[in-house]
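Shown next, in structure tokens, is the structure this report addresses.
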Protein chains: 2
Amino acid sequence: MKIRKEYTCPLEIIHDILKGKWKTVILWQLKYHGKASLSQLEQDIKGISQKMLLEQLKELREFDLIDKLNFEGYPLKVEYFLTEDKGKKIIKALEIMQEVGQEYINECRKS
Amino acid sequence: MKIRKEYTCPLEIIHDILKGKWKTVILWQLKYHGKASLSQLEQDIKGISQKMLLEQLKELREFDLIDKLNFEGYPLKVEYFLTEDKGKKIIKALEIMQEVGQEYINECRKS
DNA sequence: CGGTATCCTTCGCGATACTG
DNA sequence: CAGTATCGCGAAGGATACCG
């Protein structure tokens with residue numbers, strides 16, 4: 001974990017966990033897929049590189065928001081998915097933000 | 001506004017709006033104060049500089065999450081507050097995140 | 001008290017190449 | 001298909017000084 005300092009507000013720790021361009025979008029994708037492989041996520045999240053994706057997935061795992069399952073044999077296969085507790089709870093917040101985001105987009109279309 | 005590109009996911013626009021270390025904490029403070037002056041916020045948000053605070057407040061205003069009221073006369077006085085629509089709606093998401101953040105903090109204390 | 005401007009350091013993140 | 005390593009640029013953000 002990359003957490004060190006004392007936090008004045010619980011929102012600060014959430015910022016440290018979710019910061020970066022990709023984390024919320026990755027969580028959002030996992031919400032819809034239920035389970036997804038690395039290459040699936042790479043295809044669905046436009047613009048992300050494999051390096052960034054793996055980096056962010058690793059951090060999300062360290063914070064118990066997602067987990068993964070490794071399958072034996074070739075070709076290699078993994079499944080990433082939201083954790084029942086923290087992962088699915090944070091999704092509730094993202095659902096609201098998604099709605100607000102949609103409002104911004106609708107307003108842009110008007111003008 | 002700093003928004004340009006096309007968005008694949010509404011969460012991307014929210015990221016562009018809320019990104020940075022301070023925005024969520026500022027919104028959270030305004031939720032509790034109702035209305036707050038610059039100096040009040042500066043005191044309550046530990047570690048923030050006046051420059052950062054003003055910068056972030058300006059951006060939050062541009063995105064209609066907060067607004068401000070200027071009072072005439074000396075000493076100068078302003079009041080910052082959440083907007084009824086977008087500001088108070090995004091707070092709903094922050095409330096959930098705040099809860100999850102508290103869980104992380106509680107778990108840290110155990111270990 | 002509220003707000004603007006400048007300088008400087010850190011780090012997010014994109015590109016690219018390589019391994020099991 | 002999944003994952004690791006390196007390099008470099010540009011933006012975020014901290015310190016500091018100054019203006020209405």
Side-chain angles (χ1 to χ4, degrees), chain A residues 1-5 8-9 11-12 14-26 29-30 33 35-63 66-81, chain B residues 1-5 8-9 11-12 14-26 29-30 33 35-63 66-81:
Chain A
M1 299 246 205
K2 291 183 180 175
I3 305 182
R4 298 160 209 173
K5 59 160 184 172
T8 307
C9 167
L11 283 175
E12 292 183 69
I14 295 293
H15 173 261
D16 277 1
I17 292 168
L18 290 187
K19 79 174 158 214
K21 195 176 171 180
W22 301 110
K23 299 235 181 61
T24 56
V25 181
I26 293 171
Q29 280 296 319
L30 288 178
H33 282 88
K35 296 162 188 259
S37 68
L38 187 69
S39 48
Q40 276 181 315
L41 291 170
E42 203 175 344
Q43 282 170 18
D44 294 337
I45 302 174
K46 296 188 181 172
I48 198 170
S49 68
Q50 196 187 38
K51 180 214 163 192
M52 286 308 299
L53 183 52
L54 277 158
E55 208 171 284
Q56 306 303 303
L57 284 168
K58 189 179 177 188
E59 291 182 20
L60 289 172
R61 266 191 92 208
E62 289 172 351
F63 288 113
I66 68 171
D67 202 359
K68 75 169 175 176
L69 215 56
N70 289 296
F71 292 86
E72 302 292 328
Y74 284 86
L76 290 178
K77 186 186 172 188
V78 292
E79 278 181 352
Y80 288 93
F81 51 90
Chain B
M1 298 245 206
K2 291 184 180 177
I3 305 185
R4 298 161 207 175
K5 60 160 184 175
T8 307
C9 168
L11 283 175
E12 293 182 69
I14 295 294
H15 173 261
D16 277 1
I17 292 168
L18 291 186
K19 79 175 160 214
K21 196 174 169 180
W22 301 109
K23 298 231 181 67
T24 55
V25 181
I26 293 171
Q29 281 296 319
L30 288 178
H33 282 87
K35 297 163 188 259
S37 69
L38 188 69
S39 48
Q40 277 181 315
L41 290 170
E42 204 176 344
Q43 282 171 15
D44 294 338
I45 302 173
K46 295 188 181 172
I48 199 170
S49 67
Q50 196 187 39
K51 177 213 163 192
M52 287 307 300
L53 182 53
L54 277 158
E55 209 171 284
Q56 305 303 304
L57 285 169
K58 188 179 178 189
E59 292 183 21
L60 288 171
R61 266 190 92 208
E62 287 172 352
F63 289 113
I66 69 171
D67 201 359
K68 76 168 174 178
L69 215 55
N70 290 295
F71 293 84
E72 303 292 328
Y74 284 86
L76 290 178
K77 185 186 173 189
V78 293
E79 279 179 352
Y80 288 93
F81 50 91

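Remember, it's a predicted structure, so these values are computed and weren't measured experimentally. The sequence lines fix the lettering, A, B, ..., with proteins before strands; numbering per chain opens at 1.
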message = Looking at every heavy atom in both B/E59 and B/K23, which two are closest together, and how far apart are they?
response = OE1-NZ, 3.0 Å
query = Starting at OH of B/Y74 and ending at P of C/dG3, how long is that distance when rounded to a whole Å?
reply = 12 Å
inquiry  = Would the distance check show the side chain of A/K58 and the main-chain N or O of A/L54 forming a donor-acceptor pair, the cut-off being under 3.5 Å?
reply    = no
query = What nucleic acid atoms does A/S39 come within less than 4.0 Å of, heavy atoms only: base, sugar-phosphate, or nothing?
reply = sugar-phosphate
query = Roughly, in whole Å, what's the span from CD in A/E42 to P in C/dA15?
reply = 12 Å
task = Nearest whole angstrom, please: distance from the P of C/dC11 to the CD of A/E55.
result = 14 Å
ask   = With no hydrogens and no angle check, is any side-chain donor or acceptor of A/H33 less than 3.5 Å from a backbone partner on A/F81?
value = no
key: Whole-Å distance separating the CD atom of A/E59 from the P atom of D/dT4   = 13 Å
query = Out of curiosity, A/L57 CG to A/Y80 OH, how far, rounded to the nearest 0.5 Å?
reply = 5.0 Å
note = Sorted by position of nearest nucleotide on DNA chain C, 5' first, the leading residue of A/Q56 and B/V78 is B/V78
task = Name the nucleic acid region contacted by A/F71, choosing base, sugar-phosphate or nothing; use a 4.0 angstrom heavy-atom cut-off, strictly under.
result = nothing
query = B/E79 CD to C/dG2 P: how many Å, rounded?
reply = 10 Å
Any A/Y80 side-chain N or O less than 4.0 Å from OP1/OP2 of D/dG3 = yes
message = Using heavy-atom distances to pick each residue's nearest nucleotide on DNA chain C, tell me which of A/Q50 and A/G20 is more 5'.
response = A/G20
query = Please give, in whole Å, the distance from C/dT16 P to A/L54 CG?
reply = 18 Å
request  = Let me know the distance between CG of B/N70 and P of D/dG20, rounded to the nearest Å.
outcome  = 17 Å
message = Would the base of C/dG14 count as contacting A/K51 through its side chain, where contact means a donor and an acceptor less than 3.5 Å apart?
response = yes
inquiry  = Quick check on DNA chain D: between A/K58 and A/L76, whose nearest nucleotide comes earlier from the 5' end?
reply    = A/L76
inquiry  = Keeping A/H15 on the side-chain end and B/K19 on the backbone end, is there a donor-acceptor pair under 3.5 Å?
reply    = no
ask   = What is the distance from CD1 of A/I45 to P of C/dG14, rounded to the nearest Å?
value = 12 Å
task = For A/K68, report the nucleic acid contact type (base, sugar-phosphate, nothing); a contact means any heavy atom under 4.0 Å.
result = sugar-phosphate
